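Contents: one structure, followed by commentary.
Predicted model only: the values in this text are computed from it and were never measured. All chains are named by letter (A, B, ...) in the order of the sequence lines, taking the proteins before the strands, and each is independently numbered beginning at 1.
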Amino acid sequence: MLVTIGLHAQVQQITGKITDATGTPIPAATVKVKGSKGGASADYNGAFTIKAPQNATLIISGIGFETKEIKIGSSTTFNIQLNTDAKSLSEVVVTGVGTATSKHKLGIAVESVGAADLPAAPTASIDQALIGKISGAQISSISGNPGDPVNILLRGINTVQGGTKPLILVDGIEVRATDINSLDLSNIERVEVVKGAASSTLYGAQGANGVIQIITKKGRKGATAITYSTSYSLNSYINSGHLHKARMHPYLTDGNNNLVDAGGNLLQYDSVGDLPGISYTYGGAARAGIWDPRNNADKPYNANIKYYDQFKEVFKTGNTMNNIVSVSGASDKSDYALSISNNKTTSPVMKNGSVDRTNLTANLGTEVFKGFRLRSVTQLIYTRNNLVPGLGGAGGQGNSTTGAPGYGYGNSTGNVGSIFGFLNTSPFFDLKWKSPNVPYIYGLQSTPLVNTPGSYVNHVEGGDYLSINSSNPYYAQEYSSGIDNKIDIVQSFDANYKVDKFVELDAKYGINWRNENSRWTYLNQSLNANSTYYDYADVVYNNGTDNTGEIDNFQYNTTFQNFLASASFKTDFQNDFHSKLPITTATKVGFDYRKNLYTEFDNYGYQLPLTPPYNMTATASQVTEFDYKEPFITYGYLVDQAINFGDYAGIDGGFRSDWSSAFGGGSSPFTFPRINGFFAPSSFDFWKNGVPAVSYFKLRAAYGEAGIQPQPFQRYAVINQSDLGPTHTYSLQQSPTYDTKLNVEVTKETEVGTDFTIDAGKGNLFTAFNGSFTWWKRNSDNVIYSIPTALSTGYTGELGNTITMESHGFEFSLNIPVYKSKNFNWDFTTNWGHQTSKINTIVGGNPIILTSDAGSTALVLGPGETIGQIYGHRTITNDNQADPSGNVYITKGTGGQYQSVKGALVDTATKQIQFTPDKYGLGDPNPKFNASFINSINYKFITLSFQFDWIYGSHLYNQTKEWMSRDGIQGDFEKPVTINGQTGAWSAYWSSPYYAILGSTHGGDNDGTRDYYRESSSFLRLRNAALAFDITRIARIKGFKKLSLYVSGRNIWTKTKYTGFDPEVSSGAVNSAFDRGVDNSTIPNIKSYQLGLNVAF
Amino acid sequence: MLILKKTTTMIKNKYIYIAVVAMMVAGTACKKQLNVGNPNAPTLASNVTTEAGLVAFVQGSTFTDGFVNGDGWLGDSYFSLVYGFQDLLGDATGADVANQQVDVISRPDLVTTETNFQVPNTSPQIASLRGYNTRASSGAGNNPFYYQWLNMYALNNACNVILGIVPTISFSGDATSRANTVKAWCYWWKGYAYAAVGTMYYSGLIVDTAGKTNSNYLVHDSLIARSNYYLNLAASTISGISSAGDYATILGELIPSDFQLGSLGSVPTQAQWVRNINTMLARNILLNHLNPFVNGVVNSTIKTSTITPMASADWQSVLSLATSGIQNGDPVFTGSSSATNSVFSPTGGNVAVNTTGPNSGTIFKISERLIQDYNTGDQRLPNNFDTTLEFFDENFTTRWSIDNGGNGISGVAVLGNKTAGAYQVYIASSWEENQLMLAEANIMLGNTDLGLSFVDAVRTYQGAGVAAVSGTGLTQAQALTQLTRERRVALVFRGITWYDARRWGWSYDVSNGGGSYGNTYLDVNGNKYINTTIDYDFLDYWDVPADESVLNPPGTGSAATVNPNF
């Protein structure tokens, strides 16, 4: 009997809890008794129960953690802590897969970036933090205006109208209304990214641009954790190309280098700020002087007229304050994480205003009964932007006629029109000049113009031909103001019921609400003589008829709802069916419903009084400009089946079908199939014995399709409406915005790749190489765009599924623990990506000619062309160069007149560079590859991290400089050049890329796109560098878990040949598919130096 | 679901069944929601089904499609951009900016002063304009050929669409009269559009089916013939309308109320509209024939031209049509701006306001060649112009600016006014134009003095305050000089200056028998010459824009799309 009891007593119930090093439960962890079949898995709280003999050994494993063995002995309860697996490939991901899956068992490429790897960019935004972190993805900071979004291109351009913005998910729920850069960077656990259709089929008709999923932090068990972070940074604009205005001039001077008019009189500014009478040394007081081959900009502004560094006048040093407090904790059943953060960035443009964002987040979870958990994730965001319109201000009107997304759709850049104005103001004007106290008598008027002395002037001209595109940011700031208040609510609920080990049911509901109100106020400027003199050279948005001011209101509201229900069914043949086969299966069915409602209401009031109050009531007349409502509904279901054969191989396949209010006919679903699989030879014994150094090697392949939705109303035949006088009228659309039979844009992708780990040694140096390589190819059909039609039809275009496209590329990442020891660790990661996209076919075969949103740069979408190609005149470089019909441009007989200067043929008589009259595709603006190099070096309590980004082979059209060439004010004009033996800073030479084409000294395609201004914008940038000191690691401070001080810099060093401000900017529409390579007076990125403190209690 | 045979799992899978059924139910329920429509925009199917809806569509499509869409450059309507080209080509205005090639389009090949100072043009107009006749240039706003064609075919198509809808509408009142008024409106504008295409371009297309086209290009004469057909059809339709009240009601609704300004802008009676049509028919003849008057020589010769000289019968036809043309006091087709919701803006909507103001800041600048055509003492000059600012330009130096709103001389015509509603654009013909056609026809038919009396009438009407020229014994050539000067002065900014310069032979190359003599010219430094020969050498009938000829290549048997004469 004793024996019997004793025998029975040896098998005992063991309970325990499995956590990671931080105390966070590991729900997926499994516990097995060594040498026996079967086992248990930990529940949500990491708790497990298993029966085991006293002398047995438990094997505890968790995906992403090192396996641990524990002898049971006499204890029956265990708190087991697992260490994370050093090999970075072994994380679990949830994006793009039916159920949470180890990266070891993925047939697709999924990137995952942990919070620790996201730098504390001064903007405190996720999009900025992700730059360089995702291999293959091109994430570019296209503007330095506070609050502006980044361009994200994950994998190939697969649409024309739809843009490249990926789907943004927070904890599985789409966030459509809220900008990604509004979300709180501080409460992120990790970010997962799937890039292509092969991995985003689960997201169906909205998945084609890939998915960025943000997994938020949850409370962890243990003592209540309180953290506080604060930082302050100083921000100034990058001018890596040393863009400046010419410091030397070609104007008429007297013997003392005073600028004089044709009669020899010293030039003087008049009372509206103009400099009348300015004349070229040759060619008179007219524009024609710039073409006069004798004019030489070799005179300094050192006498009566001075040179003003207007860049210094406008570009100041701004600053950013960041403050974050968070509290989190968890009990057995519940967890909570609360945080509040604030980021306030003052614009470096004359410190004209700031963007002030406050995020309040709450992540609450509880287990209601066994297996049934509820979670609520809430983020309240308040953003206040008071930048001045024209100097970065938020707001602007949407366009229901063209279907162009309005400002209120989000992800739009601020209004920076006044930047162009000051760039195109001659440097002999002081932007800070204020008009004196004299009434301006102007000849055509019988009475003097009224003037308020001490006011800035907006538009100034030199003679009547210089600075004619000028406007003054100081004037804009004096007479206009903007205020934009935005409230975002990101709320999701998740009910999850693990019925048993087989079945899990999940329902999620998310509501994402955004309400944004902008108001632009333009004061009455009629007492500004400069404004009146220049026929209302004023700051204005709607009021084009006079300078009496206006108020513009823009009210945007978006309500987005996302409901997802899914059921998954998992089996493990060994555990569940006592099979010898190590087969596991996961089946998922899901339903997904999305509904969006965007509304916009814009009105304005004309004519403000000269005295306050300046409100709508005070305006003389009011107009409702835009009253717009845009509903959109889509839903679909998905079926996914995964079957894994141990760690050796697996296959996953399924499909998703979607319905949408935007599909033509509205009722036919589109079905997107997927299949992928992996094979890991390193799991087999033969490999382990044969290639022990390669401890992990996996091959994977995937195929999938995904879509891009048509715009919400493109299936509805409409006409336009407008009021003519008091009459409400209808008219035909010049280019119809609809096609009643419109189909979803479909992209099909094949990707193959490998993930591997090479164990390089047992020492400290280069212990492992963890790599990942993916090659992919995509084809896109049914791409929607308007193709041109013959004008005699009465229309200029016809919308439809008219384009097919293809793209391909590869991406590669390598992580190396360079050095690993107790006190010194150096971790290095490099990411590389290459991608290219082109148009295959266009219905009708005619290229689509369009203009950059950024200005007048011509773009072309042609069959066989890379998308985004700039289109324009080529420099004639030799006398063999022929036109498309084979005729040489410069005939031999006249060849003697031409000389090669800096690689271009120059007419020695006119000193002008010669350009082809014909226009050509000038090439792809997109980079050949982009790479990043990320280092983290830790010595005791000091951590140094830095990241270099390298963009290679990209091009920008420097329209900023082209416009500044119009009046001969960009910096090159002071550079001497030798033509036909004569050396000088010839105005005719430097202005010719603006004015001349072959056979025409001027008046040709002025401002026409020329390859001259298409510059390499490759760059190497020190994106981030940070030095942190963790005080608590050298000295225990009572009450502090962590006390860390850091200094960091962002974008502080750039190496580039680009001669504009910043090679990273793009002035086209944000995330545009094609408008990607133009720089036209966009605010450059900022370089910033930051000082910060992180404290944990 | 793949493993349902296992009884142990079967029970658990009821949850999956429930989930799947729930999703299918949800899916079916959702389907009804998908037809969201476009709550923001009207549709032909639902909004243009009643008389009121049709009227709103007719007014909007006529003016927005015909005269606004696509014209948001250098102003904001057909009357700023396309009319702007006409005055540039006719050297009533000049420009220094490059937008839409306005500085190129008006630049002569050679200017030769009396001191033999020469200003050549390194970018001759014909080659330059042809160089920019590409779709890419149109896209960049650099192809002047594009706009008139664009607007007129949009107007033509709008009329085709309307004519298709009219039979489906139940009109109130005298339904037939109302329907015919709308039809006559469409015929008139189709006649107007074909005239505009046929007078400007070498060849064109006849498209009388909505939304369609064909590739059978016809030479400009056929377009004018089609214009005449529709103008005549309009006249006969108008004349046949039995209910004058219903006619007036509908027409009053079709003309934008902002345009119904003063007596000129009021709603024409049936007879008045028919008289407007007669003037347009006369214009079709006059503007599409040569009446070469080069260097003061009547019936001089242009060697190569796209059009033939006026024959005596043509003068008789013009005389006859103009005699039954617009009478003094008749309403004509005019357009006006308003502060808000206007077809075009008060400050940028037409060529006149874009030439008004200090010359350094205006898009177009008044030409010395227009000013030279004012007779001494003509009150229209001091009432409208001043010489405060001189604008220097290599191409185009001018001393003159137009004063906004005029200088207040009583009873004298005002040229430019930026105040809302203050300036009336002539969309079609005017009484002055009709008078001056009578004048020219009479002068050319030998009735010199009678002809000059019409010139005097126009001068009196516009308050010129100069002595009558009839009865002063002028020769035919002197009379024609008075006629040409008056047409340029009186009809400036009305979209016909160019056609006059062409038909008088001035725009043709000197070697071709053309040229303009005895002109005032200021060089880039402001030096003034008063006997300058200007060799414009402009393309007489424009090529079809690439946006048509490339996208709709000419079919077999088609006329050329590039003017073969130049």
Side-chain angles (χ1 to χ4, degrees), chain A residues 284-286 288 400 443-444 464 499-500 502-503 505 534-535 545 567 569 571 587 589 591 623 628-629 631 633 635 637 659 661 666 713 716-719 721 723-732 734 788 790-794 846 849-851 856 858 871 917 919 1000-1001 1003-1006, chain B residues 1 9 12 15-16 19 23 30 33-36 38-44 56-57 59-61 64-65 69 98 103-104 122-123 131 135-136 139-140 149-150 153-154 157-158 205 207 211 213 256-258 338 340-341 343 346-347 357 360-361 386 388 392-394 524-525 547-548 551-552:
Chain A
S400 63
L444 298 184
D464 49 24
V499 179
D500 55 22
F502 297 110
V503 178
L505 303 176
Y534 275 114
D535 208 9
T545 56
F569 178 83
T571 67
T587 309
V589 292
F591 174 75
V623 177
Y628 182 72
K629 178 178 166 188
I633 295 164
Y635 60 86
Y637 65 87
W659 284 257
S661 61
F713 296 138
Y716 297 106
V718 293
I719 52 178
Q721 60 180 343
D723 289 328
L724 296 184
T727 313
H728 188 66
T729 69
Y730 308 127
S731 57
L732 295 170
Q734 190 178 32
L791 302 181
S792 57
T793 58
N846 288 299
I849 313 283
L850 56 165
T851 313
S856 48
Y871 191 70
K919 293 186 178 183
S1000 160
T1001 56
D1005 197 1
N1006 286 4
Chain B
M1 291 200 299
T9 59
K12 307 298 184 188
Y15 293 104
I16 292 203
M23 286 174 208
C30 293
Q33 301 180 20
L34 291 180
N35 196 13
V36 297
N38 183 341
N40 309 294
T43 65
L44 278 180
F57 177 61
Q59 184 182 120
S61 60
T64 309
D65 291 307
N69 282 348
D103 59 343
V104 167
T122 55
S123 310
R135 291 186 48 234
W149 188 281
L150 167 84
Y153 277 104
N157 180 57
L205 295 155
V207 182
T213 189
S257 57
D258 288 342
S338 51
T340 53
N341 298 331
V343 176
T347 53
S360 67
D386 76 88
T388 306
F392 299 99
D393 185 81
E394 189 194 24
V524 66
N525 296 315
D547 303 80
E548 186 71 44
L551 298 174
N552 178 25

Classify the ring geometry of A/Phe713 against A/Tyr628: parallel below 30°, tilted from 30° to 60°, perpendicular beyond 60°. perpendicular
Portion of B/Leu150 that has a non-hydrogen atom of chain A nearer than 4.5 angstrom: both
Checking heavy atoms, do the side chain of A/Leu732, its backbone, both or neither come under 4.5 Å from chain B? both
Which bit of A/Pro631 comes within less than 4.5 Å of chain B, counting heavy atoms only: side chain, backbone, both or neither? both
Yes or no on side-chain hydrogen bond (donor to acceptor under 3.5 Å, both in side chains) for A/Tyr716 and B/Asn35, after CA distance, side-chain angles and deciding distance? CA-CA 10 Å; A/Tyr716 297 106; B/Asn35 196 13; 3.2 Å; yes
Answer key: most heavy-atom pairs under 4.5 Å with chain B among A/Ala858, A/Ala286, A/Gly725, A/Ala285 is A/Gly725
Heavy-atom distances under 4.5 Å only: say whether B/Asn525 touches chain A with side chain, backbone, both or neither. side chain
Chain A shares the most heavy-atom pairs under 4.5 Å, among B/Pro39, B/Ala140, B/Gly361, with B/Pro39
Taking all non-hydrogen atoms of both residues into account, name the closest pair between A/Ser792 and B/Leu205 and its distance. OG-CD1, 3.4 Å
Using a cut-off of under 4.5 Å on heavy-atom pairs, state which of B/Asp393, B/Leu44, B/Val524 scores highest against chain A. B/Leu44
Contact leader toward chain B among A/Ser731, A/Pro726, A/Ala717, where contacts are heavy-atom pairs under 4.5 Å: A/Ser731
How close do B/Ala154 and B/Asp65 get, heavy atom to heavy atom, and via which atoms? CB-O, 3.5 Å
Side-chain H-bond candidate by donor/acceptor type, B/Gln59 with A/Thr729, under 3.5 Å: no
When heavy-atom pairs shorter than 4.5 Å are enumerated against chain A, which of B/Asn69, B/Thr347, B/Asn552, B/Asp258 gives the highest number? B/Asn69
Checking B/Val207 against chain A: side chain, backbone, both or neither under 4.5 Å from a heavy atom? side chain
Part of A/Thr851 within contact of chain B (heavy atom distance under 4.5 Å): side chain
How are the rings of A/Phe591 and A/Tyr635 set relative to one another: parallel (under 30°), tilted (30 to 60°) or perpendicular (over 60°)? tilted
Less than 4.5 Å to any heavy atom of chain B: does that hold for the side chain of A/Lys919, its backbone, both, or neither? side chain
Side-chain touch A/Gln721/B/Asn40, heavy atoms, less than 4.5 angstrom: no
Of the backbone (N, CA, C, O) and the side chain (C-beta and beyond), which part of B/Pro42 lies under 4.5 Å from a heavy atom of chain A, both, or neither? both
Take the angle between the ring planes of A/Tyr730 and A/His728 and call it parallel below 30°, perpendicular above 60°, tilted in between. perpendicular
Just give me the residue among A/Val623, A/Asp723, A/Leu850, A/Leu791 that pairs up with chain B most often, heavy atom to heavy atom, under 4.5 Å. A/Leu791
Structural part of B/Asn341 lying under 4.5 Å from a heavy atom of chain A: both
side-chain hydrogen bond (donor to acceptor under 3.5 Å, both in side chains) evaluation trace for A/Asp464 with B/Ser360: CA-CA 5 Å; A/Asp464 49 24; B/Ser360 67; 5.3 Å; no
Would you confirm whether A/Thr793, through its side chain, and A/Ala790, through its main-chain N or O, come within 3.5 Å as a donor-acceptor pair? yes
